[in-house]
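Structure, as structure tokens:
Just so it is clear, the structure is predicted and the values come from calculations on it, not from any experiment. By convention in this document, chain letters (A, B, ...) are assigned in the order of the sequence lines, proteins followed by strands, and residues within each chain are numbered from 1.
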There are 2 protein chains.
Amino acid sequence: MIATFAALSEPSRFRIVELLRAGPCTVNVIGERLGLQQPQVSKHLKVLKDVGLVDVEPRATQRFYELRGEPLRELHAWLEDYRALWDERFDAIDEVLEGMKTKEKAHGRKQKK
Amino acid sequence: MIATFAALSEPSRFRIVELLRAGPCTVNVIGERLGLQQPQVSKHLKVLKDVGLVDVEPRATQRFYELRGEPLRELHAWLEDYRALWDERFDAIDEVLEGMKTKEKAHGRKQKK
DNA sequence: GGGGAATATTCCTGTCAAGGAATGTTGTGG
DNA sequence: CCACAACATTCCTTGACAGGAATATTCCCC
């Protein structure tokens, strides 16, 4: 997951990912659209591929890079654990947990608050 | 957003965030629990604060660092746009889009495939 | 108000990664 | 088989950043 963060923390790479959201793309096309030179694009794609954010499908002399959802799904799942920090709908859960804690303590000994 | 990625791409910082999920915490306590020296903890916290991932509340001589949800919420929202990549429930949308594309092409001229 | 706890900041060093330029590789069409 | 097109890979240089040690700051308490 940290590797995914590192990969996406690079502006050019982030833009590549956003570009690939529209569908598979070729190295040169990526370079044209983002104003990057071909070698840099290849290097960035290599990084993205190493962390599984991208997949390659060779076709003749050119290679189509395609976005892979798995790492993004992993990030999404991780963020779910923090949802209570911003989603007020999760306040109810907080209350439930608070209630459970109180109950547990009351069981063991006494209630603190 | 990229700044958030960069902040979270550092292992110690990532662990600090995960630790703060349990609630606000003090610099020294963070250092103890994660086996980090105080100066490094302060530095990491500064980075986290600069990107808004953390907030400080001074209390006497010590400072309680608290996790802020906003950047995480932003990440979560960004990932929603990619959900179709892994969530099969979104396949329906793909079909709709595919249909629209076909229709559009048929309108303009002819259909390629 | 002086000393110590809690934290912040600085300086230094080594490492690592991005960009640029050049070169290597591979596949394809003629 | 050759020349070119599409990529990949080096080499080099430079800048950013993390860790460590030392020092500076801030604030409470006696």
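- Closest heavy-atom contact between A7(B) and R13(B): O-NE, 2.9 Å.
- Pairs of residues two or more places apart, or lying in two chains, that qualify as salt bridge (Lys or Arg N to Asp or Glu O under 4.0 Å) and include a residue from residues 56-71 of chain B are E57(B)-R59(B).
- Rounded to whole angstrom, the span from the NZ atom of K43(A) across to the P atom of dG19(C) amounts to 8 Å.
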Distances under 3.5 Å between nitrogen or oxygen atoms of protein and nucleotides 23-30 of chain D:
none

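- In this structure S42(A) satisfies the side-chain hydrogen bond (donor to acceptor under 3.5 Å, both in side chains) test together with Q38(A), sequence neighbours excluded.
- Atom CZ of R73(A) is surrounded by 12 or fewer heavy atoms from other residues, nucleotides or ligands within 6.0 Å.
- OP1 or OP2 of dC7(D) sits under 4.0 Å from a side-chain N or O of N28(A).
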- Message: Using side chain to side chain contact (heavy atoms under 4.5 Å, CB included), reason through I16(B) and V54(B) one step at a time and then give a plain yes or no.
- Response: CA-CA 10 Å; I16(B) 290 178; V54(B) 126; 5.8 Å; no
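- Closest heavy-atom contact between I2(A) and S9(B): CG2-O, 3.3 Å.
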- CA sep, side-chain torsions, deciding dist, call: L75(B), L75(A), side chain to side chain contact (heavy atoms under 4.5 Å, CB included): CA-CA 9 Å; L75(B) 285 195; L75(A) 285 196; 6.0 Å; no
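- Taking every heavy atom of residues 19-27 of chain A and every atom of DNA chain C, no pair lies under 4.0 Å.
- For the residue pair L85(A) and G69(B), the shortest heavy atom distance occurs at CB-CA, 3.8 Å.
- Straight-line distance from the CG atom of L48(A) to the P atom of dA8(D): 12 Å, rounded to whole Å.
- For the OP1/OP2 pair of dA21(D) and a distance below 4.0 Å, the side-chain nitrogens and oxygens of Q37(B) include at least one atom meeting the criterion.
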- Under the side chain to side chain contact (heavy atoms under 4.5 Å, CB included) rule, what do Y65(B) and L48(B) come out as? Steps first, then yes or no, please. CA-CA 10 Å; Y65(B) 281 84; L48(B) 292 175; over 6 Å; no
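- Residue contacts for Y65(B): at a heavy-atom cut-off of 4.0 Å it reaches the sugar-phosphate backbone alone, with no base atom in range.
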Using a 3.5 Å cut-off and no angle test, enumerate the donor-acceptor pairs between side-chain atoms of residues 18-31 of chain B and protein atoms at least two apart in sequence or in another chain.
{"residue": "E18(B)", "atom": "OE2", "partner": "W78(A)", "partner atom": "NE1", "Å": "3.3"}
{"residue": "R21(B)", "atom": "NH1", "partner": "D81(A)", "partner atom": "O", "Å": "2.4"}

Under 3.5 Å, which protein N or O atoms sit close to an N or O of nucleotides 13-18 of chain C? Give each pair with its distance.
{"residue": "dA18(C)", "atom": "OP1", "partner": "R13(A)", "partner atom": "NH1", "Å": "3.0"}
{"residue": "dA18(C)", "atom": "OP1", "partner": "R13(A)", "partner atom": "NH2", "Å": "2.8"}

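- Across R33(B) and R15(B), no two heavy atoms sit closer than the pair O-NH2, 4.5 Å.
- Rounded to a whole Å, the CD atom of Q62(A) is 13 Å from the C1' atom of dT26(C).
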